[in-house]
Every structure is written in C-alpha cells, then in structure tokens.
Amino acid sequence: DVNRISLINERLYEQHQFKGMNIQSAISAIDLALWDIKGKALGVPVYDLVGGKYRNKIRVWRHVTPTNDQEAYKDLLLKAKEEGFTAVRLNPCRDMEGWSSAKRLATMYNRVAFARELLGDEIDIAIEIHRELNGDESLMLCKSLEKLNILFFEDPIRSENVETLKDFTAKTVVPIAAGERCISIQEFEMMLNAGMRIARPDVCTLGGFTGCMKVCALAEAHHAYVVPHVPVSVINIAASLHMAAVIPNFLIMEPFPPKTFNMALDCMGEYKFKLKDGYMEIPDKPGWGVDLADDLTKKHPCAPLSWKIDK
C-alpha cells in the first residue's frame, strides 16, 4: 500500500529483532520502490510529494586521488577545475605503504596544500580519510589542515565508539563528516551530539528515503549540513538527488568517479543523468524519474567477490 509508506517502513523495522546493515538495506530497497511507485501512480516526481524543490540543481564534487606522481596529480586537479567543478574531494592517505608516520603525515599535508595552492580559494577541498589512519595520526593531520580552510574532514576514525568521535571533534575547528555506515537515526543522533557537523546518510542502508529524511531533519535541528552518501547505483543517485533537492541544509553531493559514473549511465534507460559545470540535474519525471536498461543483467552480470586475508 503506497499510501502508507512510513507505516510499512516502521513495521518492517519492528518485525526484525536482530538489526544490521543487511536488514536495513532490504528495508531501504522496499521503501525506495514504494516511493517510486507512488510518484509514478500520481504522475509526479518524488520531490513534489514532500514539499517540492528547495533548489533546481545539485552541486557535486570531483573525486581526485593524489599519487606520488606530482604531474599526474596536478593534471587531475586542473581537469576538475576546467570541467567547472567548484569542489574536489581528496583522499591523501593512499600509496604510502611502509612509510614512517612522520613521512606519511608530511606527505598527506603536502598533497592537500599543493591542491589549495593550485586551485586557489575559488574551489572547495574536502578530505576523505575513510578510517584509514589511527586516531592520533588523523587528528594531527586534521589540525595541520585547519589553516587551509578545507570544506570538511570525513571519517577521521572508526565510528563504533562515539566517545572517541566526541574527543576528536573537540580538538579541531574543521567540520567533521561521518555517518555513511550508520543504519539508524539513533546512531546519527549520538554522532551529532558528539560534534559531527556533516551528516552522511545513505538511502540504500538507512531505511530508504523515509529514514534519510528523518536524519536530514535531525541534522537541521543541530545546525548541521547533509552530504548524501552515494557509492553504488542508479537508484542510489536518483533518490539522493531528490533528497538533496528538498532539504534546506544540503551542502554538496558525491557523484561516482568518472569510470563508475559512466557505468551507471550505461545501466539507465532513456533518461540519463546530466552533469555539467559541477552540478547535476534533478530528474523531473514521475517517481525517481529514472528507469533501468532492459538488458542490464547482460551488460553487467553479477560477478563473484574474491578477497584474501594478506594484503
């Protein structure tokens, strides 16, 4: 019954005594499908079902991965600027295996400082740590970057212990972003109380659009921004665009890296996402405004996941 989406979401959550990412992802898929069906049944985009658009286009960043090849890194940064992006996100932690802590910290700082000098103050720089540093190294790096006016510092530490996040945020003026692995509004409430300034809800793991809209309101009450987490699929992007369109505290959104973004386009039906000058168009057809390609499973068949214990 698409007229009772919130009730269905809550009942599905209540019926599973053992919660977790898998359960919440399944609930999210059902929730996203219901919103799409309701929008298409009424002939309106989802954003019109929740108050209408707050903005007409969605600002996104360009992914840039720094490497030890300075010229290649420079080319990536300049390409992002030439393509019209007003923000880039960097993960400065890569390609340093076996280095001393001092050398890693100096290199990470220099990578970000190089980007700031090259791009100037017209382009925002966000930093993604992805929980790849220990807490002390992460804090030392964050403190050193304060003078570079970065947009935010994401996932500085693992989030299992919210008290460590509280301790971290108290020691820096840089806005801390986190939450991409949270699966409940209660986790977000604890993290916001711990000083998180940028909430990163994911429509595919937080109970769908219904759960994410609750977190957006919660963040607004804390005067915090929202940056939707968008790692995987066409539906993930579409629903996140609608969410970004209707909330007052939206900051910026991540598209996929170019290779993955192009694969997403290949998975789509007639309508394709439009990205121009650092902004994405909001799909305006009924529901999420997108359809999947008919031959999707042939284009991108399910592939087995292989992994090994040793790096």
Side-chain angles (χ1 to χ4, degrees), residues 1-42 45-47 49-50 130-131 155 158-160 178-191 199-219 226-244 246-247 253-254 256 260 263-264 267-269 283 286-294 296-307:
D1 185 350
V2 295
N3 292 315
R4 309 184 82 185
I5 297 176
S6 293
L7 177 63
I8 292 171
N9 189 292
E10 185 66 22
R11 289 289 185 268
L12 289 171
Y13 184 78
E14 290 174 349
Q15 287 177 9
H16 292 87
Q17 298 302 315
F18 296 93
K19 306 298 191 291
M21 183 71 76
N22 291 339
I23 295 297
Q24 280 295 80
S25 296
I27 293 173
S28 298
I30 295 170
D31 184 84
L32 292 171
L34 291 173
W35 280 105
D36 190 46
I37 293 169
K38 183 166 187 175
K40 287 176 177 175
L42 296 175
V46 170
Y47 60 71
L49 298 176
V50 287
H130 212 251
R131 304 164 295 276
D155 285 336
R158 292 174 59 173
S159 59
E160 291 88 345
E180 66 181 46
R181 298 195 176 193
C182 292
I183 59 171
S184 71
I185 60 174
Q186 290 81 6
E187 287 177 281
F188 272 99
E189 169 70 0
M190 290 186 288
M191 296 180 82
R200 300 276 278 126
D202 189 321
V203 295
C204 291
T205 58
L206 191 62
F209 189 68
T210 300
C212 281
M213 289 299 289
K214 293 177 182 179
V215 166
C216 292
L218 192 61
V226 170
V227 175
H229 181 242
V230 188
V232 284
S233 71
V234 172
I235 303 301
N236 195 176
I237 295 178
S240 297
L241 287 169
H242 282 255
M243 178 171 69
V246 300
I247 60 173
M253 196 175 100
E254 61 179 318
F256 298 152
T260 316
M263 186 176 73
C267 293
M268 301 183 74
W288 298 124
V290 298
D291 291 300
L292 299 179
D294 293 333
L296 181 59
T297 56
K298 292 181 179 179
K299 287 183 175 180
H300 303 284
C302 182
L305 177 65
S306 62
W307 66 283

| query | So, the side chain of Q24 versus the backbone of I183: is there a donor-acceptor pair under 3.5 Å, distance only? | reply | yes
| query | So which heavy atom on P283 is nearest to which on P45, and how close? | reply | O-CB, 4.4 Å
| task | Inspect the contact between E160 and R131 and indicate whether a charged nitrogen and a carboxylate oxygen are less than 4.0 angstrom apart. | result | no
| field | Whether D291 side chain and G269 backbone form a donor-acceptor pair below 3.5 Å | value | no
| request: Test side-chain contact (heavy atoms from CB on, under 4.5 Å) on D202 and R181 and set out the steps. | output: CA-CA 8 Å; D202 189 321; R181 298 195 176 193; over 6 Å; no
| N236 side-chain N/O to C204 backbone N/O, donor-acceptor pair under 3.5 Å | no
| message | Run the side-chain contact (heavy atoms from CB on, under 4.5 Å) test on W288 and V234 for me, step by step, so that the C-alpha distance in whole Å, both residues' side-chain angles and the decisive distance to 0.1 Å come before the verdict. | response | CA-CA 10 Å; W288 298 124; V234 172; over 6 Å; no
| request: Enter the distance from C182:SG to H229:NE2 here, rounded to the nearest 0.5 Å. | output: 11.0 Å
| Separation between NE2 of H130 and CZ of R158, rounded to the nearest 0.5 Å | 12.5 Å
| said: On a heavy-atom basis, which atom in D155 and which in A178 lie closest, and how many Å separate them? | reply: OD1-CA, 3.6 Å
| query | Between D36 (side chain) and G287 (backbone), is there a donor-acceptor pair under 3.5 Å? | reply | no
| So how far is it from L218 CG to I185 CD1, rounded to the nearest 0.5 Å? | 7.0 Å
| message | Which heavy atom of P201 sits nearest to which heavy atom of L206, and what is that distance? | response | CB-CD2, 3.7 Å
| message | Can you confirm whether E10 sits close enough to T210 that some side-chain heavy atom of one is under 4.5 Å from a side-chain heavy atom of the other? | response | no
| request: Would you name the heavy atoms of S240 and V203 that are closest together and state the gap between them? | output: OG-CG2, 4.0 Å
| field | Residue pair F209 / H242: nearest heavy atoms and the distance that separates them | value | CE1-C, 4.4 Å
| field | Enclosure of D1 CG (heavy-atom neighbours >12, cutoff 6.0 Å) | value | yes
| request: Let me know which of I37, L49, V2 forms a side chain to side chain contact (heavy atoms under 4.5 Å, CB included) with L42. | output: L49
| query | CG of L12 to CG of L7: how many Å apart, nearest 0.5 Å? | reply | 9.5 Å
| query | Quick check: does any side chain N or O of E180 sit under 3.5 Å from a backbone N or O of R200, one acting as donor and the other as acceptor? | reply | no
| said: Quick check for you: to the nearest 0.5 Å, what is the distance between R4 atom CZ and S6 atom OG? | reply: 11.0 Å
| note | Closest non-hydrogen contact found for S184 with Y13 is CB-OH, 4.4 Å
| said: Test side-chain contact (heavy atoms from CB on, under 4.5 Å) on W35 and I5; report intermediate values, then the result. | reply: CA-CA 7 Å; W35 280 105; I5 297 176; 3.5 Å; yes
| Quick check: does any side chain N or O of K299 sit under 3.5 Å from a backbone N or O of M263, one acting as donor and the other as acceptor? | no
| message | Could you measure the distance from the CG atom of N9 to the NZ atom of K214? Nearest 0.5 Å is fine. | response | 6.0 Å
